[in-house]
Number of protein chains: 2
Amino acid sequence: MLSPTEENYIKSIFHLSEDGQKEVSTNTISDEMNTSAASVTDMIKKLALKKLLDYRKYKGVKITKKGKLEALRLIRKHRLWETFLVRKLNFSWDQVHDVAEQLEHINSPLLVSRLDEFLGFPTVDPHGDPIPGNDGKLPVTNRKSLAEMELCTMGTVVAVKDSSSLFLKYLDKIGAVIGSKIEVLDRVDYDGSLEIEIDKKSRVFVSRDVADNIMMV
Amino acid sequence: MLSPTEENYIKSIFHLSEDGQKEVSTNTISDEMNTSAASVTDMIKKLALKKLLDYRKYKGVKITKKGKLEALRLIRKHRLWETFLVRKLNFSWDQVHDVAEQLEHINSPLLVSRLDEFLGFPTVDPHGDPIPGNDGKLPVTNRKSLAEMELCTMGTVVAVKDSSSLFLKYLDKIGAVIGSKIEVLDRVDYDGSLEIEIDKKSRVFVSRDVADNIMMV
DNA sequence: ATATTTTTTTAGACTAATCTAAATATTATC
DNA sequence: GATAATATTTAGATTAGTCTAAAAAAATAT
């Protein structure tokens with residue numbers, strides 16, 4: 001059994017390592033979690049002892065198979081709860097994150113499976129992110145960011161990388177939500193910003209940063 | 001803001017004091033919470049500092065108005081979640097307690113009010129206990145225990161005092177659930193056990209302990 | 001390839017919640 | 001009302017998670 005704190009570390013490390021592929025440094029983790037590097041060193045030692053991380057002094061950590069499974073279990077719970085909040089309790093997509101951060105630590109396998117069933121076995125959450133199965137398997141997708149799209153091609157918004165309230169409210173404002181069709185009209189090479197057309201109606205400029213956080217298919 | 005631990009103390013003390021009326025001793029609390037008396041002394045000092053308890057050395061504690069409100073807020077959440085688990089996720093009434101113990105510590109006023117709305121503003125939980133309102137108000141009821149009923153009188157089960165899985169499974173087994181009509185046929189003065197008839201069908205003997213934990217109207 | 005900067009780890013300390021054992025107060029008993 | 005029994009508090013220690021400051025290792029720059 002992991003404490004909520006340990007769970008938060010595992011989840012952050014999983015995300016920072018791009019789903020467990022890359023090594024992650026102590027400072028990268030301390031930045032993400034707003035803690036001191038010293039605290040991170042202590043915790044990664046503990047998680048390494050529990051075989052959730054491979055740790056070599058001064059070399060950062062890599063998440064193990066066991067660690068990945070733990071992370072995916074948490075992500076599954078997080079995304080199921082987000083789906084519940086939006087679909088059943090009428091939360092908007094920018095209101096769910098903080099509550100789901102709390103709910104994901106509730107420990108009850110029965111609750112998770114019943115929630116999954118109650119929601120009709122959803123495959124993606126309200127931000128378009130895939131929901132891992134009970135076995136930790138994630139469906140493979142060939143998504144790319146809006147920033148990577150070619151000029152004059154059209155795509156559909158399927159997910160967002162940043163789930164912060166600020167970003168989601170901005171998307172609501174410009175009318176870019178999941179399912180929106182976007183065409184890239186022009187790209188400014190200087191800063192990577194784009195002119196786009198949303199749903200054949202409105203034309204707006206978005207920054208490189210914004211384009212990086214919108215996932216298309 | 002209270003920690004989950006502080007919340008558990010406040011809730012236990014509220015229940016032990018019969019909704020805040022009586023004083024509660026240190027040992028009573030440590031028994032209920034399975035902790036040492038020393039831990040209780042530390043914690044009640046802390047809660048007294050936060051004005052949730054009135055504490056006089058060696059004299060036990062009495063819950064304050066502020067403490068009562070906090071307890072009722074928690075009981076409200078607990079009972080709303082139990083209702084959700086039974087009505088929406090098909091939990092049985094003996095499966096909900098432990099999960100609700102976890103869920104009641106989730107902190108989100110919006111979540112509570114939306115859940116309440118989603119459930120159609122329920123007034124009692126699956127064990128028949130009243131759900132406090134947002135203002136902490138509890139509807140007054142004139143219930144009495146099965147043990148207190150007079151011979152040859154009939155009543156309806158409206159609630160249970162003990163929500164343990166063991167007790168609830170026993171009730172399921174003898175066919176006594178919320179809404180059942182029970183008539184007291186005979187009382188053994190020696191040990192207070194009763195012979196009862198449930199729903200005009202089955203006759204069973206129940207111990208004094210069981211009869212104390214079934215609430216009738 | 002040495003010096004400087006940056007990153008990481010260690011050392012030592014703090015808080016919350018817990019414990020056991022010892023001390024002290026209250027209650028019960030004779 | 002003195003003494004024994006019980007209840008409560010204090011003292012001191014432990015664990016998880018955190019911190020700052022100092023030491024050590026690694027990376028970078030001159």
| message | Using a heavy-atom cut-off of 4.0 Å across all strands, would you classify A:Thr26 as base, sugar-phosphate, or nothing? | response | sugar-phosphate
Is A:Thr5 touching bases, backbone alone, or none of the nucleic acid, heavy atoms closer than 4.0 Å?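 Sugar-phosphate only.
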Using OP1 and OP2 only, check whether a side-chain N or O of [X] sits under 4.0 Å from [N].
{"X": "B:Lys45", "N": "D:dT10", "answer": "yes"}
{"X": "A:Asn27", "N": "C:dT8", "answer": "yes"}
{"X": "A:Tyr55", "N": "C:dT9", "answer": "yes"}
{"X": "B:Ser25", "N": "D:dA7", "answer": "no"}
{"X": "A:Ser36", "N": "D:dT18", "answer": "no"}
{"X": "B:Tyr58", "N": "C:dA23", "answer": "no"}

### Task
Would you indicate whether the side-chain heavy atoms of A:Glu23 and A:Val61 approach each other to under 4.5 Å?
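Side chain of A:Val61 against side chain of A:Glu23, heavy atoms only: no contact under 4.5 Å found.
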So do the side chains of B:Arg208 and B:Asp191 get within less than 4.5 Å of each other, counting heavy atoms only? no
Among the candidates [options], find the nucleotide nearest to the side-chain atoms of [X].
{"X": "B:Thr35", "options": "C:dC19, C:dT9, D:dT9", "result": "C:dC19"}
{"X": "A:Ser39", "options": "D:dT10, D:dC19, C:dC19", "result": "D:dC19"}
{"X": "A:Ala38", "options": "D:dC19, C:dT18, D:dT10", "result": "D:dC19"}
{"X": "B:Lys59", "options": "C:dT27, C:dT8, D:dT9", "result": "C:dT27"}

Roughly, in whole Å, what's the span from [atom1] in [X] to [atom2] in [N]?
{"X": "B:Ile29", "N": "D:dT8", "atom1": "CD1", "atom2": "C1'", "answer": "12 Å"}
{"X": "B:Asp31", "N": "D:dT6", "atom1": "CG", "atom2": "C1'", "answer": "13 Å"}
{"X": "B:Asp42", "N": "C:dC19", "atom1": "CG", "atom2": "C1'", "answer": "10 Å"}
{"X": "B:Met43", "N": "D:dT9", "atom1": "CE", "atom2": "P", "answer": "15 Å"}
{"X": "A:Arg56", "N": "D:dA26", "atom1": "CZ", "atom2": "P", "answer": "11 Å"}
{"X": "A:Glu23", "N": "C:dT7", "atom1": "CD", "atom2": "P", "answer": "17 Å"}

Practice task
Scan side-chain atoms only and decide if B:Asp125 and B:His78 contain a donor-acceptor pair under the 3.5 Å cut-off.
Solution key: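 Checked: B:Asp125/B:His78 side chains show no N/O donor-acceptor pair below 3.5 Å.
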Check this for me: does any side-chain nitrogen of one of A:Glu101 and A:Lys11 sit under 4.0 Å from a carboxylate oxygen of the other? yes
- Task: Could you say whether A:Asn34 or A:Lys57 is positioned toward the 5' end of DNA chain D, judged by the nucleotide with the nearest heavy atom to each?
- Result: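 Of the two residues, A:Asn34 wins.
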Aromatic ring pairing B:Phe118/B:Phe84, orientation class (parallel under 30°, perpendicular over 60°, tilted between):
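B:Phe118 vs B:Phe84 ring planes: tilted.
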